[in-house]
S.K.: 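Just dropping this structure here.
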Amino acid sequence: MERKTRIILALDVSDREEALKIAEDVSEFVDAIKVGYPLVLATGLEIIRELAEFAPIIADFKVADIPNTNRLICEQVFEVGADAVIVQGFTGRDSLDACIEVASEYRKDVFVVSEMSHPGGAEFLQPVGEAIARMAAEAGASGLVAPATRPERVKKIREIVGDKLTIISPGVGAQGGRASNAIAAGADWVIVGRSIYKAELPKKAASEIAAEIEAELRREG
Ligand code: O7E
């Protein structure tokens, strides 16, 4: 995945035509499109192949099962053309290893959730988030998911993993986080859903977030 606008679109719509229209409309302002349960359950797994025409696809199935089931899920995801899969880290090292093994066979990426962006994410996951980040780095994952709603946690996770892993950060806009703050804290990409796909003009909304990030990167030099 190339770092250009540093935006990943979370395409959580449930209509195929709408999904394809938005993807085409905003493609110049996003580096990847995250596709998850809302869209796949509504339209089918093949939507991943269709959307891959516009941008690299991150399949957000937050895979969280025993190693064998994880392996079977990841095979389906990569066969249909996804470039990366999102996996939960709390299921442990063997479950994560299974995903990384399949991803490396397909030469694709695995992103591991270390802590979630919503208020409940602080309840059970945050206390083990740093251990999950360390495990993901040791296991050879490509990156981590860390919350834009808590930039100080992005900073902490960045300190733990150094430059070894990329960080993708959801929670911008609708959940209250700011793209520039997440990038300043050490995120490589922000994940943005409703603020783009629910905007009256999704392309304009994406371009404004891209401009905010660009200004932050210029400020940092
Ligand atoms: O709030 P929105 O509309 O900008 O959408 C955010 C997207 O990021 C949405 O798809 C949600 O499921 C996802 N997300 C979070 O909001 N918080 C998290 O902690 C983790 C994710 C996520 O995508 O995890 C994998 C990257």
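For ligands, and for the atoms within them, numbers begin at 1 and follow the listed sequence.
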S.K.: Nearest to atom 21 (C) of ligand 1, what protein heavy atom do you find, and at what distance?
M.R.: Pro170 CG, 3.6 Å

S.K.: Which protein heavy atom lies closest to atom 7 (C) of ligand 1, and at what distance to 0.1 Å?
M.R.: Ala10 CB, 3.7 Å

S.K.: Go through the steps for Lys204 and Glu208 under the test salt bridge (Lys or Arg N to Asp or Glu O under 4.0 Å), then give the verdict.
M.R.: CA-CA 6 Å; Lys204 183 164 173 276; Glu208 285 169 3; 3.1 Å; yes

S.K.: Looking only at distances, can you tell me whether any N or O atom of Arg194, backbone or side chain, sits closer than 3.5 Å to an N or O atom of ligand 1?
M.R.: yes

S.K.: Between Ala59, Ala84, Ser117, flag the one that comes closest to atom 15 (C) of ligand 1 by a heavy atom.
M.R.: Ser117

S.K.: Considering only non-hydrogen protein atoms, determine which one is nearest to atom 4 (O) of ligand 1 and report residue, atom name and distance to 0.1 Å.
M.R.: Gly193 N, 2.8 Å

S.K.: Is it the case that the side chains of Gln175 and Ser117 hold a donor-acceptor pair, with the cut-off being a distance below 3.5 Å and no angle test?
M.R.: yes

S.K.: Return the residue, atom name and 0.1 Å-rounded distance of the protein heavy atom closest to atom 10 (O) of ligand 1.
M.R.: Asp12 OD2, 2.6 Å

S.K.: When you compare the side chains of Asp188 and Thr166, does any donor N or O come within less than 3.5 Å of an acceptor on the partner?
M.R.: no

S.K.: Suppose I only count heavy atoms of Met116 and a 4.0 Å limit; which atoms of ligand 1 are within that range?
M.R.: 18 (C), 19 (O), 20 (C)

S.K.: Does only the side chain of Gln175 get under 4.0 Å from ligand 1, or the backbone, or both, or neither? Count heavy atoms.
M.R.: side chain

S.K.: Compute whether any side-chain donor of one residue and acceptor of the other, for Tyr106 and Glu79, lie under 3.5 angstrom apart.
M.R.: yes

S.K.: Would you indicate whether Glu75, at its atom CD, is surrounded by more than 12 heavy atoms from other residues, nucleotides or ligands within a distance under 6.0 Å?
M.R.: yes

S.K.: Under 4.0 Å, counting heavy atoms only: does Lys62 come that close to any atom of ligand 1?
M.R.: yes

S.K.: In the protein, what heavy atom is nearest to atom 25 (C) of ligand 1, and what distance, to one decimal place, separates them?
M.R.: Ile86 CD1, 3.2 Å

S.K.: Do Lys21 and Glu18 meet the salt-bridge criterion of a basic N to acidic O distance under 4.0 Å?
M.R.: no

S.K.: Inspect the contact between Lys4 and Glu28 and indicate whether a charged nitrogen and a carboxylate oxygen are less than 4.0 angstrom apart.
M.R.: no

S.K.: Taking the side chain as C-beta and beyond, is there a heavy-atom pair between Glu214 and Arg219 under 4.5 Å?
M.R.: no

S.K.: Quick check on contacts: which atoms of ligand 1 are under 4.0 angstrom from a heavy atom of Ile191?
M.R.: 8 (O), 26 (C)

S.K.: Counting only heavy atoms not in Asn68 (residues, nucleotides, ligands), do more than 12 fall under 6.0 Å from its CG?
M.R.: yes

S.K.: Of the side chain and backbone of Lys34, name the one, both, or neither that has a heavy atom under 4.0 Å from an atom of ligand 1.
M.R.: side chain

S.K.: Side chain, backbone, both or neither: which part of Val172 comes within less than 4.0 Å of ligand 1 when only heavy atoms are counted?
M.R.: backbone

